[in-house]
Amino acid sequence: MDRDSREWWERVAGGELAVQECAACGTPRFPARAFCPACRTEGWRWRAVEPVAEVESWIVSHRAFGGAGPGTVVRVRLAAARECAMYGRWLAGREPRAGELVRAIFSQGADRTLVDWAPME
Amino acid sequence: MAKRLLVSPLRDRAAIAGVGYTEFSKDSGVSTLTLACRAVLAALEDAGLTAGDVDGLATHRVGDSVAPGVVGPALGIHDPSWHLDQFGGGSVSHAVVAQAVLAVAAGMAETVVCYRAINARSEFRMGQAASAGPEAQYQVPYGLAAPLQHFAMEARLHMLKYGTKEEHFGQIAVRQRAFAVKNPRARMRTPITLDDYRASPWIAEPFRLLDCCLETDGACALVVTTAERTASLRRTPVLISAAAWGGGASFLSGGHMDTTETAAARLAPRLYGMAGLGPADVDVAQLYDCFTYSVLVQLEDYGFCAKGEGGPYVASGEGPPVNTHGGFLSEGYVHGINHIAEAVSQLRGEAGDRQVAGAEVALSTAQPGYVLPATSALILRRG
């Protein structure tokens with residue numbers, strides 16, 4: 001994790017899924033960083049959001065990449081801020097469905113708490 | 001029509017006067033410096049020039065190869081008046097030549113050799129290279145690390161959004177292999193069918209092995225000089241009618257809401273405008289094919305068909321021949337420059353059994369801007 005993102009990860013470690021918003025114009029931004037791309041100012045605030053998202057796409061890796069084993073990785077867009085597209089592991093015994101609502105699962109990774117995704121039911 | 005009035009003063013000012021290759025293999029057995037020297041000398045030989053004529057050297061790399069400051073002295077080229085050591089991968093492959101155009105047009109150098117030398121199979125496994133930059137921390141811990149996985153994610157999105165089918169990707173692989181069969185330089189020269197495609201193993205769904213390019217050891221070089229000078233050189237000049245590079249958006253940042261549109265969609269009007277040409281004028285297209293999907297999405301973003309219609313367009317067989325060397329999928333992956341070299345061969349009428357009859361205008365493109373948020377492209381014309 002880099003300096004711009006440390007607080008986002010710290011909030012995740014505390015069980016909170018947060019969206020960084022521009023303090024001046026309210027534009028959400030993800031990944032976390034100092035400048036707002038809309039109004040180019042530096043201030044921001046954190047808004048805890050309901051950890052719910054919509055499945056946009058996914059892959060099923062049949063071999064390990066980057067030290068992580070085979071498995072399904074999803075890209076989701078947060079229900080509370082569709083501008084925020086995030087990746088995570090898919091924690092279910094079936095394939096994801098396009099557009100389905102999913103919930104965040106906070107899982108312990110090698111060096112930090114990660115945000116994975118599972119079906120709502 | 002207004003765009004045609006904006007034709008750049010750089011149009012057709014520079015030309016490609018020579019092309020050089022090393023062998024493409026799984027294990028070159030030599031250093032990237034040796035590969036670079038071989039390709040540079042081969043390109044000069046092709047142009048009828050010598051190392052003593054070179055006053056500019058340019059490459060791009062991602063920490064995997066040798067800089068112009070190493071290649072120059074190794075070939076006795078001291079004090080070149082211009083050089084470029086561009087950081088970046090496939091997305092900047094064509095920007096290197098674009099910048100050489102600026103150098104020769106501005107008189108900073110007269111004879112620039114652009115090269116790319118990689119041992120992308122035996123030394124630096126390009127396909128294993130993990131994402132870098134501030135977004136990687138949101139990807140790699142989940143096992144999303146390799147370019148292949150990112151492009152697979154985009155391909156799936158295109159399938160979901162537009163109904164693109166795996167057969168469309170398969171047709172791209174099959175067609176490019178058919179060209180490679182006719183290309184003595186190609187690494188894969190056994191014909192394949194759609195059934196072979198469907199039988200090839202999954203790597204990361206929706207991509208199978210035959211959706212993926214060939215990590216390759218090899219080098220390629222191009223001699224860029226002024227258009228006037230090529231008149232006195234021995235090969236048919238290939239004019240650089242347009243050279244463009246530009247931005248885009250990465251997978252996540254900037255609130256990018258639709259990643260089925262690449263940076264190429266924004267660059268294309270500028271590129272065509274510079275040449276005063278449009279997609280209908282393109283006789284042969286060499287489209288960056290790290291994966292089959294990148295060809296399909298560029299057919300849309302470079303205006304050969306509408307957004308979302310890439311699948312049916314591929315199935316129809318319409319449009320100019322694409323990746324006539326076999327592409328990275330079947331000739332080999334030299335990170336972009338071998339697309340430009342093939343375009344030159346086609347425009348010279350020297351592409352042998354795979355020659356596109358009457359080819360006058362070629363489009364050659366870089367990685368369309370997913371991995372790094374930038375892309376670049378050239379329009380070349382027989383002089």
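The structure presented is a predicted model; accordingly, all values stated were derived computationally and were not measured. Numbers restart at 1 for each chain; the letters A, B, ... are given by sequence-line order, proteins then strands.
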Nearest heavy-atom neighbours spanning [X] and [Y]:
{"X": "B:Gln137", "Y": "A:Asp2", "result": "OE1-N, 3.0 Å"}
{"X": "A:Arg33", "Y": "B:Glu135", "result": "NH2-CG, 4.1 Å"}
{"X": "B:Glu154", "Y": "A:Tyr87", "result": "OE2-OH, 4.5 Å"}

Is the [atom1] atom of [X] crowded by more than 12 outside heavy atoms at less than 6.0 Å?
{"X": "B:Arg198", "atom1": "CZ", "value": "yes"}
{"X": "A:Arg3", "atom1": "CZ", "value": "no"}
{"X": "A:Glu50", "atom1": "CD", "value": "no"}

Is there a side-chain contact between [X] and [Y], using heavy atoms and a 4.5 Å cut-off?
{"X": "A:Arg75", "Y": "B:Thr259", "result": "yes"}
{"X": "B:Tyr142", "Y": "A:Val115", "result": "yes"}
{"X": "B:Leu209", "Y": "A:His62", "result": "no"}
{"X": "B:Met153", "Y": "A:Val73", "result": "yes"}

In Å, rounded to the nearest 0.5 Å, how long is the span from OG of A:Ser57 to CE of B:Met159?
9.5 Å
Donor-acceptor pair, side chain of B:Gln149 and main chain of A:Ile59, under 3.5 angstrom:
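Not a single qualifying donor-acceptor pair exists.
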Proximity breakdown for [X] and chain B, heavy-atom pairs closer than 4.5 Å:
{"X": "A:Ala81", "result": "neither"}
{"X": "A:Arg29", "result": "neither"}
{"X": "A:Arg82", "result": "both"}

Are the aromatic rings of B:Tyr138 and A:Trp9 close, with centres under 6.0 Å apart?
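Ring centres of A:Trp9 and B:Tyr138 closer than 6.0 Å.
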Which atoms of B:Leu160 are under 4.5 Å from chain A, going by heavy atoms: the side chain, the backbone, both sets, or neither?
side chain
